[in-house]
Amino acid sequence: LSNDGDVETGIEIHLVATRGTVTNPKVTKVSTGEFIQVMREMAKGDTIIINTNPGSKVILFNGVNITKEKSKLSSFFNIDIGTNIISYDADENYTNLDVRLYYSPKYFGV
């Protein structure tokens, strides 16, 4: 992921269990080790949306707020300026996940 903005920014992560069940999905910012893990069993077709943008931090499961199901060691991380490596995993069946990342670079005003 390349953030060509002037400052770090939040990210919206979409996790979709497209090929079967997934247990406790986890997304990690490799450079810092920061991660966010959702303690939830996903069935085929379920979607988790994680938003780490300031003022909008939330975790949705099929549209329902489940932010309290975030692992206690997790943090709502931002992506840094430049290149960011993001990985994903799960306690079980991570290969059943499709992951999409969305972000908007932020720039200083003139």
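In what follows, every heavy atom counts, from backbone to side chain, and hydrogens, waters and symmetry copies are set aside.
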Requested in this report: Identify, with sequence neighbours excluded, every residue that meets side-chain contact (heavy atoms from CB on, under 4.5 Å) alongside Asn24.
Outcome: Gln37, Met39, Asp91
Query raised in the report: Under a single-linkage definition using a 4.5 Å side-chain heavy-atom cutoff for Ile, Leu, Val, Met, Phe, Trp and Tyr, are Tyr88 and Phe77 assigned to the same hydrophobic cluster?
Result: yes
Report task. Would you mind listing every ring-ring contact (aromatic ring centres under 6.0 Å, His included) that reaches into residues 9-39, with sequence neighbours excluded? Result -> His14-Tyr102
Query raised in the report: Closest heavy-atom contact between Phe76 and Thr52?
Result: CD2-CG2, 3.8 Å
Report summary line: When Val99, Ile79, Thr28 are each screened for side chain to side chain contact (heavy atoms under 4.5 Å, CB included) with Ile86, the one that passes is Ile79
Query raised in the report: From Glu92 CD over to Thr21 OG1, what is the distance, rounded to the nearest 0.5 angstrom?
Result: 7.0 Å
Report task. Give a yes or no on whether the backbone of Leu97 and the side-chain of Arg19 come within a donor-acceptor separation of less than 3.5 Å. Result -> yes
Requested in this report: Could you pull out the closest heavy-atom pair between Ile66 and Leu60, with the gap in Å?
Outcome: CG1-C, 4.4 Å
Query raised in the report: If every non-hydrogen atom of Ile36 is compared with every non-hydrogen atom of Ser75, which pair is closest and at what distance?
Result: CB-O, 3.7 Å
**Report entry** Heavy-atom check, side chain of Asn3 versus side chain of Asp80, under 4.5 Å
**Finding:** no
Query raised in the report: Can you name the nearest heavy-atom pair linking Tyr103 to Thr9, along with the distance?
Result: CD1-CG2, 4.0 Å
Query - All side-chain contact (heavy atoms from CB on, under 4.5 Å) counterparts of Ile81, not counting sequence neighbours - result: none
Report task. Look at the side chain of Lys29 and the backbone N and O of Asn78, then say whether any donor-acceptor pair between them is shorter than 3.5 Å. Result -> yes
Query raised in the report: Can you tell me if Asn65 and Thr67 form a side-chain donor-acceptor pair at under 3.5 Å?
Result: yes
Query raised in the report: Any side-chain heavy-atom pair from Glu8 and Asn84 closer than 4.5 angstrom?
Result: no
Report task. Please round to the nearest 0.5 Å and tell me the distance separating atom CD of Glu12 and atom OG of Ser104. Result -> 9.5 Å
Report task. Flag the pair Ile11 / Val27 as yes when at least one side-chain heavy-atom distance between them is below 4.5 Å, and no otherwise. Result -> no
Query raised in the report: Between the main-chain N or O of Val22 and the side-chain N or O of Asn96, is there a donor-acceptor pair closer than 3.5 Å?
Result: no
Query - Contacts of Thr95 that satisfy side-chain contact (heavy atoms from CB on, under 4.5 Å) - sequence neighbours left out - result: none
Report task. Could you name each residue pair satisfying ring-ring contact (aromatic ring centres under 6.0 Å, His included) that touches residues 40-59, not counting sequence neighbours? Result -> none
Considering only distance and modelled atom types, tabulate donor-acceptor pairs under 3.5 Å from the side chains of residues 43-50, sequence neighbours left out.
residue : atom : partner : partner atom : Å
Asp46   : OD1  : Asn62   : ND2          : 2.9
Asp46   : OD2  : Ala43   : N            : 2.7

**Report entry** Rounded distance (nearest 0.5 Å) linking atom CE of Met42 with atom CZ of Phe61
**Finding:** 6.0 Å
Report summary line: Rounding to 0.5 Å, atoms CZ (Arg40) and OG1 (Thr23) come to a distance of 12.0 Å
